[in-house]
Amino acid sequence: MNTPIVDFVKKYADSNSLRLHMPGHKGNEVLGCEKYDITEIDGADVLYNANGIIAESQKNATKLFGTRATFYSTEGSSLCIRAMLYLVKCYALQNGEKPLVFAGRNAHKTFVTAAALLDIDVEWLLPKSAQTVISCVITPNFLDQYLRDAKQKPTAIYITSPDYLGNITDIRALSEVCHKYDVLLIVDNAHGAYLKFLPKDIHPISLGADICCDSAHKTLPALTGGAYLHIGKSAPSFFADNAQSALGIFASTSPSYLILQSLDAVNKYISDGYGKKMLEFIKNVEQLKSRLSKTGYCLCGDEPLKITIATKSYGYTGCDIAEMLLAKNIVCEFCDFDYIVFMLSIENGNKLCELEAVLSEIVKNDAIEQVPPTPALKGKNMPLNEVLYAAKAKKPIKNCVGKISAHFDAICPPAIPIILPGEKIDASTVECLEYYGIQEWTVIE
């Protein structure tokens with residue numbers, strides 16, 4: 001597969017041209033990558049108004065992912081989420097509807113802030129089976145019942161899959177439920193770009209999602225910030241026709257050409273035997289998971305390229321295990337009191353034996369019985385858009401009972417709000433915040 005962006009930039013870098021344009025380093029090396037860091041000069045095309053080499057590269061990605069259209073983001077899935085919600089709102093208004101989205105409670109904070117900025121009403125989905133705000137698996141039966149009983153039909157359902165703990169939702173069945181009720185399905189697939197290339201393709205677009213985002217940098221070898229906005233083949237043509245404009249509304253006008261080159265190069269990487277390499281690597285991961293389970297570790301989630309351990313049953317917090325690993329120069333993706341998460345890619349090669357060696361040396365202790373507070377929806381007391389612009393104050397959490405939460409920040413990872421903006425804080429909320437070591441919170445004055 002060709003790499004038009006990479007080829008153009010390399011040719012320009014090798015030309016030793018006098019650079020009387022941005023960036024200010026003029027191609028002179030400090031880090032070593034500067035000569036490949038360019039701006040939208042003649043021939044370099046314009047991201048979000050692409051009709052040259054970027055458009056050609058995006059067509060390559062479209063073919064690889066089997067979508068109606070795929071567009072690049074150099075600002076991660078966060079940019080794509082904003083664009084997706086903007087498109088959904090425009091689509092609803094175009095059809096004479098008030099935009100309403102039903103969203104899984106474990107949505108990334110970017111969804112929350114985007115909904116607030118766009119003034120989109122959100123109704124949160126939280127099954128009774130949910131044990132943590134990080135994971136919120138929406139089943140087809142739950143969604144069918146919820147839509148059947150809904151007073152107002154939403155424009156779209158918003159699902160996060162895979163979630164941060166590695167749980168994969170049944171997107172095919174959810175898409176069938178959504179389309180039964182003439183509702184769009186949006187998927188935050190930031191952690192699952194590689195799902196398209198498994199022996200069994202389980203990418204959301206392949207399973208019927210109308211629109212989704214992938215973070216190429218999370219599991220594919222793209223530079224941080226590289227992401228895709230995918231439009232499904234059965235999605236309204238409005239989405240594909242307006243996706244570039246939607247991205248451009250929220251994006252920087254100075255996109256990183258280093259990231260664009262990495263997205264372009266990933267197309268070739270994928271087309272060059274990636275699926276076969278993935279198959280072999282996943283077999284090794286499955287065997288490792290099996291051995292860890294036999295050692296006594298409690299693994300959760302079903303995502304192939306993620307290992308998630310519920311550490312308390314082994315007698316440690318996730319943070320305890322993370323510290324032991326860090327002492328051996330092994331760095332995890334995420335840890336808290338309950339879990340430790342390792343995000344893998346085939347670029348880890350045969351290095352996973354190092355992880356197994358350290359985990360195997362850790363002596364199992366008596367289980368820690370403390371359980372995290374059960375998540376709950378407190379009810380929407382104030383619309384997100386009003387909360388965003390309201391006067392706010394930061395207070396000790398003990399003084400926040402009865403107040404309306406105005407806190408939009410969420411620690412990343414996992415960047416999932418513990419309590420949603422607009423909800424009223426009660427004693428159970430304070431208990432939850434204290435569990436995660438939080439002492440202050442932002443509330444409506």
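- Side chain of Ser206 to main chain of Ile202: no donor-acceptor pair is present (N/O by atom type, distance under 3.5 Å, no hydrogens or angles).
- Between Cys90 and Asn242 the shortest side-chain heavy-atom distance does not fall below 4.5 Å.
- A donor-acceptor pair under 3.5 Å links the side-chain atoms of Asn348 to the main chain of Ser345, judged by distance alone.
- Ile157 pairs with exactly one of Leu174, Leu147, Val187, Ile138 by the side-chain contact (heavy atoms from CB on, under 4.5 Å) rule, that one being Leu147.
- Contact detail for Asp163 and Lys306: the closest heavy-atom pair is O-NZ, 3.2 Å.
- In the displayed structure, Lys403 atom NZ is contacted under 6.0 Å by at most 12 heavy atoms of other residues, nucleotides or ligands.
- Judged purely by distance below 3.5 Å, without hydrogens or angles, the side chains of Tyr194 and Asp214 never pair a donor atom with an acceptor atom.
- Lys218 places no side-chain N or O within 3.5 Å of a backbone atom of Ala190 that could act as its donor or acceptor partner.
- Within the 4.5 Å cutoff, no side-chain heavy atoms of Asp210 are placed close to those of Ile186.
- Checking Lys378 against Ser428 by side-chain atom types alone, a donor-acceptor pair falls below 3.5 Å.
- Within the 4.5 Å cutoff, side-chain heavy atoms of Tyr228 are placed close to those of Val266.
- Side chain to side chain, Asn2 and Asn60 meet the donor-acceptor criterion of an N or O pair below 3.5 Å.
- Aromatic ring centres of Phe111 and Trp124: separated by under 6.0 Å.
- Across every non-hydrogen atom of Tyr297 and Ile309, the tightest pair is CD2-CG2, 3.8 Å.
- More than 12 heavy atoms of other residues, nucleotides or ligands shown are found within 6.0 angstrom of NZ on Lys392.
- Remark: the backbone N or O of Val6 is paired with a side-chain donor or acceptor of Asp264 at under 3.5 angstrom.
- Contact between Gly225 and His217 at its shortest, heavy atoms only, is N-CD2, 3.3 Å.
- In this structure, Gln145 contributes its side chain and Asn141 its backbone to no donor-acceptor pair below 3.5 Å.
- Side-chain contact between Pro304 and Leu198 is present, with at least one heavy-atom pair separated by less than 4.5 Å.
- Surrounding CG of Asp149 are more than 12 heavy atoms belonging to other residues, nucleotides or ligands, all under 6.0 Å away.
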Next on the checklist: For Ile419 and Trp441: C-alpha separation, side-chain torsions, deciding distance, then whether side-chain contact (heavy atoms from CB on, under 4.5 Å) applies.
Outcome noted: CA-CA 10 Å; Ile419 178 174; Trp441 202 250; 3.2 Å; yes
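- Atom CD1 of Ile411 is surrounded by 12 or fewer heavy atoms from other residues, nucleotides or ligands within 6.0 Å.
- Between Ile231 atom CD1 and Met84 atom CE the span is 9.0 Å, to the nearest 0.5 Å.
- Taking CG of Leu263 as the reference point, atom CG of Leu258 lies at 11.5 Å (rounded to 0.5 Å).
- Considering only heavy atoms from C-beta on, Ile321 comes within 4.5 Å of Leu359 through its side chain.
- Ring orientation note: the planes of Phe238 and Tyr91 are tilted relative to one another, at an angle of 30° to 60°.
- Using a 30° and 60° split on the angle between ring planes, Tyr269 and Tyr274 fall in the tilted class, from 30° to 60°.
- Rounded to the nearest 0.5 Å, atoms OG1 (Thr429) and NZ (Lys424) are 11.0 Å apart.
- One finds no salt bridge joining Lys89 and Asp119 here, because no Lys/Arg side-chain nitrogen approaches an Asp/Glu carboxylate oxygen to under 4.0 Å.
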Next on the checklist: I'd like to know whether Tyr146 forms a side-chain contact (heavy atoms from CB on, under 4.5 Å) with Val177, so could you lay out the CA-CA distance, the side-chain angles of the two residues, the decisive distance to 0.1 Å, and finally the verdict.
Outcome noted: CA-CA 11 Å; Tyr146 204 96; Val177 172; over 6 Å; no
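- Inter-residue side-chain proximity for Ile211 and Leu184 is flagged as unmet; no heavy-atom pair is nearer than 4.5 Å.
- For Thr169 against Ile159, the heavy-atom pair with the smallest separation is OG1-CG2, 4.1 Å.
- Between Phe65 and His230, the ring planes are tilted. Angles from 30° to 60° get that label.
- Side chain of Tyr72 to backbone of Ala61: no donor-acceptor contact under 3.5 angstrom is found.
- Looking only at atom types and distance, the side chain of Ser405 has no donor-acceptor partner in the side chain of His407 under 3.5 Å away.
- Checked by atom type and distance alone, the side chain of Thr62 pairs as donor or acceptor with a backbone atom of Thr70 at under 3.5 Å.
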Next on the checklist: Pair Leu165, Val341 - check side-chain contact (heavy atoms from CB on, under 4.5 Å), show working.
Outcome noted: CA-CA 7 Å; Leu165 298 183; Val341 177; 4.0 Å; yes
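- No donor-acceptor distance shorter than 3.5 angstrom exists from the side chain of Ser262 to the backbone of Ala222, with no hydrogens or angles considered.
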Item to check | side-chain contact (heavy atoms from CB on, under 4.5 Å) evaluation trace for Leu79 with Leu247 | outcome: CA-CA 7 Å; Leu79 172 59; Leu247 289 162; 3.8 Å; yes
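- In Tyr316, the OH atom is crowded: over 12 heavy atoms of neighbouring residues, nucleotides or ligands sit closer than 6.0 Å.
- A donor atom on one side chain and an acceptor atom on the other are found under 3.5 Å apart for Asp338 and Tyr435.
- Atom OG1 of Thr253 sits about 11.0 Å away from atom CG of Leu47, to the nearest 0.5 Å.
- Between Lys153 and Asp182, the closest side-chain pair of non-hydrogen atoms falls below 4.5 Å.
- When atom types are taken as modelled, the side chain of Asp121 and the backbone of Leu100 share no donor-acceptor pair closer than 3.5 angstrom.
- Atoms OG1 and NZ, from Thr67 and Lys233 in turn, are 8.0 Å apart once rounded to the nearest 0.5 Å.
- Atom CG of residue Asn167 and atom OG1 of residue Thr308 lie 7.5 Å apart, to the nearest 0.5 angstrom.
- Judged by distance alone, with hydrogens and angles left aside, the side-chain atoms of Glu75 form a donor-acceptor pair with the main-chain N or O of Ser252 at under 3.5 Å.
- In this structure the side chain of Leu125 reaches within 4.5 angstrom of the side chain of Phe142, judged on heavy atoms.
- Closest non-hydrogen pair, Ser175 versus Ala209, comes out as CB-N, 4.4 Å.
- The two residues Lys312 and Phe337 come nearest to each other via the heavy atoms CE-O, 3.3 Å.
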